[in-house]
Enquirer: 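The structure is given below, and queries will be raised subsequently.
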Amino acid sequence: MGSHVIYEWIYVGAVVSLLIWVGAEAWYGEKLLHEVPKDHITIKVTGQQWFWTFEHPDGKREVGTLHLKAGKVYKFEITGKDVIHAFNIPHFAVMIDAVPGRINTIWVKIPEDAVGEYLIQCREYCGLLHYNMRANLIVEA
Amino acid sequence: MMRNLSILAAVVAVIVLFSTVGMVYAQEEVVDRSALAWGLFYKMMTAAFIVGAIVQGTLVYIIFKFKEKKVKERAEISR
Amino acid sequence: MVIEIAKPRPLWQILFSTHHTDVALLYLITSIVFLMLGGALALTIRTELLTPGTTIIGDADLFNRIFTVHGTTMLFLWVLPFISGVGNYLVPILVKYKDMAYPRLNAVAYWMAVPGAALIWLGWSDTTWMAYPPYSTMRAAGPAADMWIFGLKILGLSSILGAINFIVTILKCKHPDLPMMKTSLFVWSILVTSMMTLAALPTFTAALIMLYTDRLGVSGFFDPARGGDPIAYQHLFWFTFHPEVYIFLLPAVGMAYELIPKFSRKPIFSYGSGVIAFVLLSIIGFASWAHHMLATGLTFTEKTVFMIGTLAAVPMSAMHVFNWMATMWGGRIKFAAPMKFVIGGIMLFFTSGAGGVVNTTLPLDFITHDTYWVVGHFHMMLMGTVSFIFMGFLYYMFPLITGRMYSERLANVHFWFAFIGTALVFTAMHIVGLYGMPRRVWDYVPDPTIIALNQIATIGAYLIGIGMAVFIALLIRDSVKGKPADMRDPFGIGEIYYDYRRREPHH
Ligand code: HEM
Ligand SMILES: [Cu+2]
Ligand SMILES: [Cu+2]
């Protein structure tokens, strides 16, 4: 039986190679998403119990609704006012925590054909009305 | 055995190297984050389901092949 | 006492005993009671989520308290006490020593868990089991949150005392004729997890004090307005609790190593590889904690490092699976309840492990983090693998504890309800997470797919509930009325069973 132990090492080799492949794919994908493209519009996002406030570059503020334009690249600068929240637009895979005392950034390119309404929600537990801490994303042409 | 193994290792190393180099020099443009994430997710799921089928399949095979009753039956037939 | 009915003893004799099997019995009974209580809370949660809007729980506040107590109970009052219970029964037997190294300390560690549990269950905190500040320091209502902090503090100290006792028992009291490399892999699993406990837990106990002084307002460790940082808590917390998830898992792996060779009637395929995997994991397990924090705004480099640390721990789990399957291969497997639960556990282990790899694959965390996917992942692990192997092992120890045999037929009913239920609930949770449903929510978007998936999960939970009802009925009935077991080889597998005379200390 002792000599059969070699099979275990072959198997471990296969598992390790598979994981290296997973790691490389993940690293590459993350790298593409990490650097913010040059031409972007910055939106300041603030989460607090239990609603979202958005501020456009021209100083215009919106509460509970966010209007964006299709085909543009947006960078969100996100913070929390009281406790930790998480800014999440499921449809565009946008997700990052809104932490008091910190500004986290994440960017997204809204595709040309994405005109419509989408859900914005809080994805980090933040107390009583966490389940209902939602906002509306309206993408215009 | 050792020779086979080293060939296997070499093949894996080459694949990993090439795909990494390819990635680093790939064209950079403004990516669609949702498309990228879901594309990666489906790739991972394909791998997971293939590996899962092998692992779970082997386990089910073992369960049926080596259960007490089957082993006894086989022993009786060969006797 | 219901259990040990074959030779009844007055209750106080067990309660005030320091003998390892008595303390073990107390640990096991406590853990099973809390498994049932925690399970009842889980069924309440699932019932509430059966339909959008209010189903049975009138408001979100109560809901938040219920899932906090559920999570805390299952981790600290079911999994950990069960490990201590089985460890207490078996470690002295397997290292051939008369008792634990420090019997009185052992009893103290158990009795500390009792006020710890009481604080959690009397307080009903709504902080979640992770108690992230600033919510837990600035907003969570007292005295519930304070009671939770003190409860966990006491449970943490109890764990540390228990770990010291196990380490000394194994390293110092082991019979001189028994070399470490011949000791059961279950003993190895207890040894490495005890060492991990000593390395990991102090960080969290310190963080708890910081939480408390922050709550009192005398410090601002986690308050940005006073120069603190809420993220610092998450590092302290996960530095303890990522290793802790392996502390939950490895004893189950050790139990599987006890059971699989016996029920396959074959020696372990590679004892050495089991030891190597344990020891390596206990070290590498400390290099992955921030995979729980990928969405907190870590830098690209930090994320990469912790992804690599997480992936590096996966081959060890894969080695165990190989070892188990290779042990079964060519054996003559007897499918009594213990073996069924172990094999069910291995099947679900792969699923949850693959889910974990997806969690750490960096860009995918945008999709999965803090959704029901993560809830599916760790329940598949903690219910599907850890609790399954634990329940299987309890069946295996049943004759040792009670001197009686359980009903195999009922155990089979338990297994199938639990297995199908578990697969159903936690698969549905993974998928509903992909549809973006956040975790820890009392209500959800009334989208037809999300509703349907939640209902599948609830039905699965009820199936588990039926299985658990059968389980508890069986445990009570058969420890009173079960057929006396053949104590040399109760399962008819041609193995020498544990020495049951250890149960009677006084002769
Ligand atoms: C193959 C091995 C594993 C990998 C790669 C893995 C990976 C992960 C990752 C990356 C997360 C974070 C998910 C997120 O919040 O976005 C996670 C969460 C979790 N895992 Fe695992 N895991 C593994 C095994 C285990 C085991 C063995 C256990 C316990 C016995 C476990 C228990 C947990 C728990 C409790 C959480 C969630 C904690 C919470 O947020 O409440 N995992 N896992
Ligand atoms: Cu929130
Ligand atoms: Cu972890």
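Just so we're on the same page: letters track the sequence lines, and every chain starts at 1.
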Enquirer: Under 4.5 Å, heavy atom to heavy atom, which residues of residues 58-66 of chain C contact chain A?
Expert: C/A60, C/D61, C/N64
Enquirer: Would you check if A/E25 and C/T361 make a side-chain contact, meaning some heavy-atom pair closer than 4.5 Å?
Expert: no
Enquirer: Would you indicate whether the side-chain heavy atoms of A/N88 and C/P438 approach each other to under 4.5 Å?
Expert: no
Enquirer: Who among A/C122, A/P90, A/G80, A/G127 has the most heavy-atom pairs with chain C under 4.5 Å?
Expert: A/G127
Enquirer: Can you tell which of A/R123, A/H130, A/E124, A/H91 has the highest number of heavy-atom pairs within less than 4.5 Å of chain C?
Expert: A/R123
Enquirer: So which residue, C/Y444, C/W442, C/Y132, C/F300, ends up with the most heavy-atom pairs under 4.5 Å with chain A?
Expert: C/F300
Enquirer: Does any backbone or side-chain atom of C/Y271 lie under 4.5 Å from a heavy atom of chain A? Answer side chain, backbone, both or neither.
Expert: neither
Enquirer: Tell me which of these, A/A26, A/C126, A/G23, has more heavy-atom pairs under 4.5 Å with chain C than the rest.
Expert: A/A26
Enquirer: Side chains of C/V445 and A/R134, heavy atoms from C-beta outward: is any pair under 4.5 Å?
Expert: yes
Enquirer: In Å, rounded to the nearest 0.5 Å, how long is the span from OH of A/Y11 to CE of C/M319?
Expert: 9.5 Å
Enquirer: How would you list, in number order, the residues of residues 304-315 of chain C that have a heavy atom less than 4.5 Å from chain A?
Expert: C/T304, C/M307, C/L311, C/V314, C/P315
Enquirer: From A/M95 CE over to C/T371 OG1, what is the distance, rounded to the nearest 0.5 angstrom?
Expert: 8.5 Å
Enquirer: Taking atom CG of A/D97 and atom CG of C/L298, what is their separation to the nearest 0.5 Å?
Expert: 9.5 Å
Enquirer: For the interface with chain A, which of C/M138, C/H369, C/R439 has the highest count of heavy-atom pairs at distances below 4.5 Å?
Expert: C/H369
Enquirer: I want to check something: taking the side chain as every heavy atom from C-beta on, are A/H85 and C/Y135 in contact at a cut-off of under 4.5 Å?
Expert: no
Enquirer: Looking at A/A93, A/P100, A/A86, A/G101, which makes the most heavy-atom pairs under 4.5 Å with chain C?
Expert: A/P100
Enquirer: Please walk me through it: do C/F67 and A/Y125 pass ring pair (Phe, Tyr, Trp, His ring centres under 6.0 Å)?
Expert: CA-CA 12 Å; C/F67 73 66; A/Y125 175 74; 5.6 Å; yes
Enquirer: Using side-chain heavy atoms (C-beta onward) and a distance below 4.5 Å, is A/V15 in contact with C/F322?
Expert: no
